[in-house]
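Notes follow once the structure below has been shown.
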Amino acid sequence: MKRIILTYTLAFSLLSAYAGEGGSPPLKNTDKSLLIDYVDPFIGTTNFGTTNPGAICPNGMMSVVPFNVMGSSENTYDKDARWWSTPYEYTNCFFTGYAHVNLSGVGCPELGSLLLMPTTGELNVDYKEYGSKYKDEQASPGYYSNYLTKYNVKTEVSATPRSGIARFTFPKGKSHILLNLGEGLTNESGAMLRRVSDSEVEGVKLLGTFCYNPQAVFPIYFVLRVKKNPSATGYWKKQRPMMGVEAEWDKDQGKYKLYTRYGKEIAGDDIGTYFSFDTEEGEQVEVQMGVSFVSIENARLNLDREQAGKDFEKIHAEARSKWNHDLSRITVEGGTDAQKTVFYTALYHLLIHPNILQDVNGEYPAMESDKILTTKGDRYTVFSLWDTYRNVHQLLTLVYPERQMEMVRTMLDMYREHGWLPKWELYGRETLTMEGDPSIPVIVDTWMKGLRDFDVDLAYEAMYKSATLPGAENLMRPDNDDYMSKGYVPLREQYDNSVSHALEYYIADFALSRFAAALGKKKDAEMFYKRSLGYKHYYSKEFGTFRPILPDGTFYSPFNPRQGENFEPNPGFHEGSSWNYTFYIPHDVYGLAKLMGGKKPFIDKLQMVFDEGLYDPANEPDIAYAHLFSYFKGEEWRTQKETQRLLDKYFTTKPDGIPGNDDTGTMSSWAIFNMIGFYPDCPGLPEYTLTTPVFNKVTIRLDPKWYKENELVIETNRTQPGALYIDKVLLNGKKFNKYHITHDELVHGKYLKFDLK
């Protein structure tokens with residue numbers, strides 16, 4: 001492939017030139033003249049990466065995603081046959097429509113609803129029968145297309161921030177467009193439809209119960225328009241099965257009943273609407289959908305504001321423009337095309353979540369409330385904080401600080417509205433998924449790096465509340481009584497994740513101690529710091545690992561530190577073995593090493609984790625393990641070796657090129673940081689560990705509102721091809737003798753150079 005050295009001037013001139021063109025560029029672009037041409041949305045769509053190739057704008061509310069996980073025994077995976085959390089799987093083959101508003105990289109089923117499907121021939125509204133195999137998939141940022149072989153229909157979709165658009169190219173004959181409200185990934189049911197005109201419907205569907213929290217439910221409102229007058233329209237509803245004589249009287253019992261002459265509202269658990277047409281060969285029909293989490297009126301307003309006067313091509317062009325603009329915050333030179341594809345696809349995945357929640361008029365649903373409030377800035381949602389507090393928000397702080405600032409303000413507004421900072425928030429509902437107190441390190445880390453345009457006193461109030469309230473009153477730390485009185489959380493039930501809970505509290509308390517100290521709250525700082533060292537209770541000299549503790553203070557037996565691999569249930573630990581957690585003390589690495597007997601036992605044991613396959617690349621608590629070597633003089637080479645090995649092995653251009661759930665950008669952020677040469681291995685501490693960069697040159701555009709420098713340039717000089725290890729580091733021309741660099745040193749350094757040997 002032809003390699004082009006991208007400069008800001010070139011990137012923006014090409015972007016401007018494209019924005020004025022009337023048609024879409026070739027999607028299989030071997031020239032790769034724009035950064036978006038390096039993005040492959042199919043990466044992570046198998047191997048349980050749970051990303052998808054659908055159309056979305058950066059941090060957009062709307063995503064339009066091919067739904068291929070139900071309806072056929074020929075599929076590899078089916079959403080109803082096992083735990084399944086994504087609307088699309090690369091190895092599947094049976095398409096049943098486009099889902100509107102979806103999650104990327106998560107581990108629990110949710111959303112994936114409002115399914116839009118084109119068909120031809122006789123009308124059929126049973127998804128098991130109307131689904132189709134497909135070919136010729138293409139995807140790029142803001143665009144997806146396939147060809148339905150059953151119907152000879154080409155489908156294409158794109159999106160604006162709050163609306164979606166589909167374009168179906170039909171053959172000659174009878175054609176139909178179906179909207180199915182009965183199916184999706186959500187565990188909730190129930191919907192309502194209302195016909196506005198022959199070409200427009202509006203309605204609402206209930207979503208929620210993410211990770212089976214039964215009260216975390218919320219409505220999605222929508223307006224759908226077909227840009228062609230149909231020859232016929234109607235509804236359908238799945239009828240309840242009947243018994244005996246009653247069943248003989250109703251021919252539709254247990255089946256999908258068509259409502260061909262009824263035009264008022266319809267509601268139920270399994271309903272839908274259809275539009276039928278007589279189409280000519282190659283005729284294109286566009287379908288628009290606006291959504292809102294506030295009201296049907298706002299869904300229509302979002303659609304009108306964002307799509308008025310625009311056709312599919314214009315919306316697609318604008319989506320590409322948005323993506324190229326955001327991806328251009330970081331430009332890379334050197335490296336292979338495959339490495340650039342991994343890098344820019346990871347940056348693309350980073351910018352999918354969190355999503356804006358407010359409508360074009362600023363209205364949004366308040367946290368855990370039926371109230372509708374109005375924001376002047378951006379209100380965000382989808383805070384998968386147990387995952388993202390480790391690296392996503394650190395990357396946003398560096399490269400997209402204006403968004404990170406709005407996210408922190410959102411978190412504080414959630415506290416104002418609900419009384420708690422978020423743990424795993426989803427569309428105004430707290431799902432309480434995973435453990436810990438993850439908002440604390442996010443907000444502290446942001447503040448420590450100089451982004452302080454928020455109510456600091458309110459932030460401290462919120463943190464202090466969750467850190468000190470008794471467990472019965474504490475939404476974030478339900479086992480806080482034991483934690484505060486004993487310094488650890490004992491195992492009170494067989495699989496209560498007690499050790500995992502406590503380890504998360506230690507990290508949150510360490511971050512809070514630094515925040516308290518910076519605010520002059522000396523006693524609080526001492527208290528929280530002392531609490532953060534309670535991890536020592538869990539260290540078992542017998543096994544050399546952390547081990548659950550019983551209420552009487554003795555260690556749990558029998559104990560196997562490898563139990564918990566491959567998501568096996570494990571006393572005390574959540575989604576992992578003791579080995580995946582034992583080194584997760586980023587705030588006191590030297591203290592942990594002392595506990596283990598010193599530097600050599602620590603290094604030997606940590607290396608063994610990698611050598612014996614005990615490291616899980618998809619498990620958040622251990623993803624920073626490789627960087628811990630660099631805390632010890634003379635062992636930094638191990639960090640450089642392991643990070644490059646892990647990048648090469650687990651992050652590729654293939655559909656399985658992410659090692660498990662992307663976790664709303666967490667795995668992708670790991671790759672981005674390590675490819676550019678540093679990683680924030682301790683949340684809440686404004687420092688990075690240096691490692692070997694992949695590219696010859698990386699240029700990060702810095703926002704002048706938050707950083708006085710315009711850019712940070714990272715350059716790598718390899719003394720020989722394949723040079724892996726750091727020989728010398730220069731910061732702004734001066735020798736830098738450390739393997740840890742503070743955030744201030746980095747963003748004010750202008751120029752960071754690595755000499756590799």
Side-chain angles (χ1 to χ4, degrees), residues 59 105 326 329-330 343 346-347 349-354 380 383-411 421-422 436-452 454 459 504 507-508 510-512 514-515 584 586-587 620-628 630 639 643 662-691 693 698 700-703 706-707 712 714 739-749 752:
N59 301 108
D326 280 6
R329 295 280 184 101
I330 307 179
F343 181 82
L347 195 57
H349 285 144
L350 166 77
L351 295 173
I352 290 177
H353 297 303
Y380 282 92
F383 282 99
S384 178
L385 290 168
W386 183 84
D387 308 297
T388 61
Y389 88 84
R390 304 163 199 271
N391 56 28
V392 166
H393 291 281
Q394 290 87 329
L395 190 52
L396 293 171
T397 295
L398 177 64
V399 187
Y400 306 91
E402 75 289 353
R403 267 167 252 193
Q404 175 62 14
M405 194 71 268
E406 293 279 32
M407 290 175 193
V408 169
R409 292 186 188 122
T410 291
M411 294 162 76
L421 293 171
D437 205 345
S439 286
I440 292 178
V442 170
I443 297 172
V444 172
D445 194 274
T446 305
W447 190 86
M448 290 291 183
K449 290 173 179 172
L451 276 62
R452 301 180 177 182
F454 60 87
E504 296 292 343
I507 290 170
F510 171 76
L512 184 50
R514 290 182 53 81
F515 196 35
Y584 189 46
H587 59 288
E620 272 73 8
D622 69 9
I623 59 175
Y625 273 19
H627 304 88
L628 302 182
S630 291
T639 293
T643 54
D662 192 39
D663 289 326
T664 67
T666 303
M667 295 298 141
S668 291
S669 294
W670 188 96
I672 293 166
F673 270 121
N674 284 290
M675 293 181 88
I676 62 180
F678 52 90
Y679 188 81
D681 51 89
C682 183
L685 190 67
E687 293 183 2
Y688 308 90
T689 297
L690 300 179
T691 189
V698 177
I700 302 175
R701 293 169 52 213
L702 298 177
D703 189 329
W706 303 103
Y707 302 119
L712 169 65
I714 303 157
Y739 285 86
H740 289 86
I741 187 169
T742 70
H743 181 76
D744 281 347
E745 288 173 329
L746 185 69
V747 297
H748 297 144
L752 183 65

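Minimum interatomic distance between Trp386 and Pro621 (heavy atoms only, all atoms of both residues): CH2-CD, 3.8 Å. Residues Met407 and Pro354 approach most closely at CE-CD, 3.7 Å, considering heavy atoms. Minimum interatomic distance between Ala626 and Thr639 (heavy atoms only, all atoms of both residues): O-OG1, 2.7 Å. Across Tyr707 and Thr397, no two heavy atoms sit closer than the pair OH-O, 2.8 Å. The two residues Asp445 and Pro683 have their closest heavy-atom pair at OD2-C, 4.2 Å. Between Arg403 and Leu351, the closest heavy-atom pair is NH1-CD2, 4.0 Å.
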Which is it for Ile443 and His393 under the side-chain contact (heavy atoms from CB on, under 4.5 Å) test, yes or no, and what are the steps along the way?
-> CA-CA 9 Å; Ile443 297 172; His393 291 281; over 6 Å; no
For Ile352 and Thr664, run side-chain contact (heavy atoms from CB on, under 4.5 Å): C-alpha distance rounded to whole Å, both residues' side-chain angles, the deciding distance at 0.1 Å, then the answer.
-> CA-CA 7 Å; Ile352 290 177; Thr664 67; over 6 Å; no
Step by step, work out the side-chain contact (heavy atoms from CB on, under 4.5 Å) result for Leu512 and Val444.
-> CA-CA 7 Å; Leu512 184 50; Val444 172; 5.5 Å; no
Run the numbers on Leu702 and Leu712 for side-chain contact (heavy atoms from CB on, under 4.5 Å), then give the verdict.
-> CA-CA 7 Å; Leu702 298 177; Leu712 169 65; 4.3 Å; yes
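Distance check: Thr643 OG1 to Tyr679 OH gives 11.5 Å after rounding to the nearest 0.5 Å. Between Leu398 atom CG and Ile676 atom CD1 the span is 6.5 Å, to the nearest 0.5 Å. Going from atom CG of Leu396 over to atom OG1 of Thr446 covers 9.0 Å, rounded to the nearest 0.5 Å. A distance of 6.5 Å separates OG1 of Thr410 from CD of Glu406, quoted to the nearest 0.5 Å. Atom CG of Asp662 and atom NE2 of His349 lie 6.0 Å apart (nearest 0.5 Å). Atom NE2 of His740 sits about 9.5 Å away from atom SG of Cys682, to the nearest 0.5 Å.
The side-chain heavy atoms of Trp706 and Glu402, taken from C-beta on, include a pair separated by under 4.5 Å. Between Leu685 and Met448, every side-chain heavy-atom pair lies at or beyond the 4.5 Å cut-off. Contact of the Tyr584 side chain with the Ile507 side chain is registered, since non-hydrogen atoms from C-beta on lie closer than 4.5 Å. Looking at Asn59 and Tyr400, their side chains never come closer than 4.5 Å, going by heavy atoms from C-beta outward. No side-chain heavy atom of Asp663 sits less than 4.5 Å from a side-chain heavy atom of Thr388. Side-chain contact between Ile672 and Phe343: present, with at least one pair of heavy atoms (C-beta onward) separated by less than 4.5 Å. Residues Leu350 and Val399 have side chains not in contact (no heavy-atom distance under 4.5 Å, counting atoms from C-beta outward). At least one side-chain heavy atom of Ile714 sits under 4.5 Å from a side-chain heavy atom of Ile700.
The main-chain N or O of Arg701 is never found under 3.5 Å from a side-chain atom of Arg329 such that the two would form a donor-acceptor pair. In terms of modelled atom types and a separation under 3.5 Å, the side chain of Ser439 and the main chain of Pro422 share a donor-acceptor contact.
Between His627 and Trp670, the two ring planes are perpendicular [angle over 60°; tilted spans 30° to 60°].
Partner of Tyr688 under the side-chain hydrogen bond (donor to acceptor under 3.5 Å, both in side chains) criterion, chosen from Gln394, Glu745, His743: His743.
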